[in-house]
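Since the model is a prediction, treat every value here as computed from it, not as a measurement.
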Amino acid sequence: MKEMGVIVLLLLHSFFYVAFCFNDGLLPNGDFELGPRHSDMKGTQVINITAIPNWELSGFVEYIPSGHKQGDMILVVPKGAFAVRLGNEASIKQKISVKKGSYYSITFSAARTCAQDERLNVSVAPHHAVMPIQTVYSSSGWDLYSWAFKAQSDYADIVIHNPGVEEDPACGPLIDGVAMRALFPPRPTNKNILKNGGFEEGPWVLPNISSGVLIPPNSIDDHSPLPGWMVESLKAVKYIDSDHFSVPQGRRAVELVAGKESAVAQVVRTIPGKTYVLSFSVGDASNACAGSMIVEAFAGKDTIKVPYESKGKGGFKRSSLRFVAVSSRTRVMFYSTFYAMRNDDFSSLCGPVIDDVKLLSARRP
């Protein structure tokens with residue numbers, strides 16, 4: 001019997017360290033549609049750490065069906081029929097095989113279920129970030145978040161952890177739709193000194209979810225999910241795709257959803273005394289974000305304000321800023337002058353879209 005017990009422990013140990021092969025998209029059972037057996041449940045609480053297929057659990061984890069009632073509130077699942085809720089000091093973990101030295105972004109849906117200042121600790125050792133989810137950017141209560149890391153080995157333990165300790169142990173965020181994408185940082189070219197000027201390289205966008213993906217401030221993320229760019233602001237910017245929004249060029253763009261608290265920037269190499277032209281598109285995402293908008297663009301010490309009158313039905317215009325570089329490195333930055341809300345939903349933040357950003361040296365007259 002003792003030998004049998006040792007074999008069982010070894011089998012459990014090997015289960016925890018199974019590494020799933022990586023593919024862009026949802027992680028294995030990343031939508032939690034494969035759930036625990038009734039014998040592994042106590043109400044909504046999962047009492048077996050291996051009960052949810054492909055995941056290892058820790059702490060007070062609940063398996064929540066869409067429409068589950070919490071007091072007077074009905075919990076909504078963004079996609080599918082199930083999600084997990086992370087209570088006090090709870091976490092979910094999955095091991096994925098990756099390529100050492102490569103960059104990856106993680107996308108996941110999160111929603112608050114209590115009034116407390118809820119946070120999430122997302123990590124792949126040695127990288128981690130504590131992401132506040134107090135600000136709700138959409139009226140659904142769900143937002144898609146992204147986070148990036150550089151693989152330090154051939155395996156990545158992806159952990160999403162609720163560090164909160166509340167009087168009610170079930171008072172924690174809902175998690176769903178955990179996905180991952182390999183990032184390939186672009187390089188400057190002779191057609192654009194800026195990297196990733198069209199924002200085509202970025203986090204995984206979950207299909208059939210039309211909320212866009214939030215990219216956090218770089219104070220939270222050491223490696224940006226938007227290669228080449230930094231979010232130099234207190235709030236996130238939103239990464240949008242052409243399947244769900246109006247995009248000026250290509251398949252991806254950035255929406256500045258929190259006024260001056262929502263800015264993207266990039267530092268580029270320039271030659272002092274040389275003249276450059278920064279050109280870009282300003283538009284709206286066709287998401288009922290209507291009204292007068294202004295995008296402020298900066299290149300070193302020069303700036304331009306670009307007004308855009310949005311009808312909330314899509315469209316864009318081109319603008320440019322001509323400047324003379326004063327140093328070997330020039331910071332290019334964009335933010336929105338005003339806050340905006342969708343005119344069909346006064347609880348959802350929105351703003352102008354920027355795309356197709358190009359920086360080239362100007363020819364002499």
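- The main-chain N or O of I215 is never found under 3.5 Å from a side-chain atom of W147 such that the two would form a donor-acceptor pair.
- Of the options K93, H128, E89, a side-chain hydrogen bond (donor to acceptor under 3.5 Å, both in side chains) to H161 is made by E89 and by none of the others.
- Crowding of R269 atom CZ: a count of heavy atoms from other residues, nucleotides or ligands under 6.0 Å not exceeding 12.
- Separating the CD1 atom in I64 from the CZ atom in R85 is a distance of 4.5 Å, to the nearest 0.5 Å.
- Minimum interatomic distance between P28 and Q94 (heavy atoms only, all atoms of both residues): CD-OE1, 2.9 Å.
- Considering every non-hydrogen atom in both E201 and L183, the closest pair reads OE2-CA, 3.5 Å.
- Nearest heavy atom pair, residue T270 against residue S327, reads OG1-O, 2.8 Å.
- Expressed to the nearest 0.5 Å, how far CG of L174 lies from CG of N162 amounts to 11.0 Å.
- Two residues are said to be in side-chain contact when any heavy atoms from C-beta on lie closer than 4.5 Å; R329 and V268 fail this criterion.
- Between the S224 side chain and the M230 main chain, no donor and acceptor come within less than 3.5 Å of each other.
- No continuous path of ILVMFWY side-chain contacts below 4.5 Å connects V247 to V295, so the two sit in separate hydrophobic clusters.
- No salt bridge links K235 with E261; every basic N to acidic carboxylate O contact stays at or beyond 4.0 Å.
- For F298 and Y335, the distance between ring centers is under 6.0 angstrom.
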Test ring-ring contact (aromatic ring centres under 6.0 Å, His included) on F199 and Y239; report intermediate values, then the result. CA-CA 8 Å; F199 305 109; Y239 191 59; 7.6 Å; no
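- P53 and L34 make their closest contact through CD-O, 3.3 Å (heavy atoms, listed as atom of the first residue, atom of the second, distance).
- No side-chain donor-acceptor contact under 3.5 Å links D40 to the backbone of V46.
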So T330 and F323, side chain to side chain contact (heavy atoms under 4.5 Å, CB included) or not? Walk me through it. CA-CA 11 Å; T330 299; F323 68 96; 4.0 Å; yes
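- Of the possible donor and acceptor atoms, none in the side chain of E309 sits under 3.5 Å from a partner among the backbone N and O of M293.
- We find the NZ-OH distance between K317 and Y308 to be 9.0 Å, quoted to the nearest 0.5 Å.
- Hydrophobic clustering places V264 together with L194 (ILVMFWY residues linked when any side-chain heavy atoms are closer than 4.5 Å, directly or through intermediates).
- Looking at R252, its side chain never comes within 3.5 Å of a backbone N or O of I240 through a donor-acceptor pair.
- At a threshold of 4.5 Å between non-hydrogen side-chain atoms, the residues W204 and V178 do not count as touching.
- Between K313 and D284 there is no salt bridge, since no side-chain N of the basic residue sits under 4.0 Å from a carboxylate O of the acidic one.
- Side-chain N or O atoms of D355 include one that pairs as donor or acceptor with a backbone N or O of Q249 at under 3.5 Å.
- Between I49 atom CD1 and I92 atom CD1 the span is 14.0 Å, to the nearest 0.5 Å.
- With hydrogens and angles left out, the side-chain atoms of S279 and R318 include a donor and acceptor closer than 3.5 Å.
- Side-chain rings of W55 and F32 approach one another, their centers coming within less than 6.0 Å.
- Looking at L86 and S91, their side chains never come closer than 4.5 Å, going by heavy atoms from C-beta outward.
- The backbone N or O of K150 lies less than 3.5 Å from a partner atom in the side chain of Q152, making a donor-acceptor pair.
- Note: F149 and Y104 meet the aromatic proximity criterion, with ring centroids under 6.0 Å apart.
- Between D243 and R251 there is a salt bridge, since a side-chain N of the basic residue sits under 4.0 Å from a carboxylate O of the acidic one.
- A salt bridge between D157 and K95 is present, with a side-chain N of the basic residue lying under 4.0 Å from a carboxylate O of the acidic one.
- Between the CZ atom in F108 and the CG atom in L144 there is a gap of 9.5 Å [rounded to 0.5 Å].
- Not a single donor-acceptor pair under 3.5 Å links the side chain of S109 to the backbone N or O of D143.
- Here L349 contributes atom CG and E255 contributes atom CD; the two are 9.5 Å apart, rounded to the nearest 0.5 Å.
- Side-chain atoms of P185 and Y103, non-hydrogen and from C-beta on, do get closer than 4.5 Å to each other.
- L120 is listed as a side-chain neighbour of P173, based on a closest heavy-atom distance under 4.5 Å.
- Using a 4.5 Å cut-off between side-chain heavy atoms of Ile, Leu, Val, Met, Phe, Trp and Tyr, with links allowed through other members, F316 and I304 fall into different hydrophobic clusters.
- For F82 and Y63, the distance between ring centers is under 6.0 angstrom.
- Using a 4.5 Å heavy-atom cutoff, the side chains of L226 and N196 are in contact.
- For A290 against N343, the heavy-atom pair with the smallest separation is CB-ND2, 3.5 Å.
- No side-chain N or O of S286 forms a donor-acceptor pair with one of S246 less than 3.5 Å apart.
- By the 4.5 Å heavy-atom criterion applied to side chains, V277 and L359 are not counted as neighbours.
- Using a 4.0 Å cut-off between a side-chain N of Lys or Arg and a carboxylate O of Asp or Glu, R331 and E232 qualify as a salt bridge.
- Listed for the N287 side chain is no donor-acceptor partner under 3.5 Å among the backbone atoms of R342.
- No side-chain heavy atom of R322 sits less than 4.5 Å from a side-chain heavy atom of Y276.
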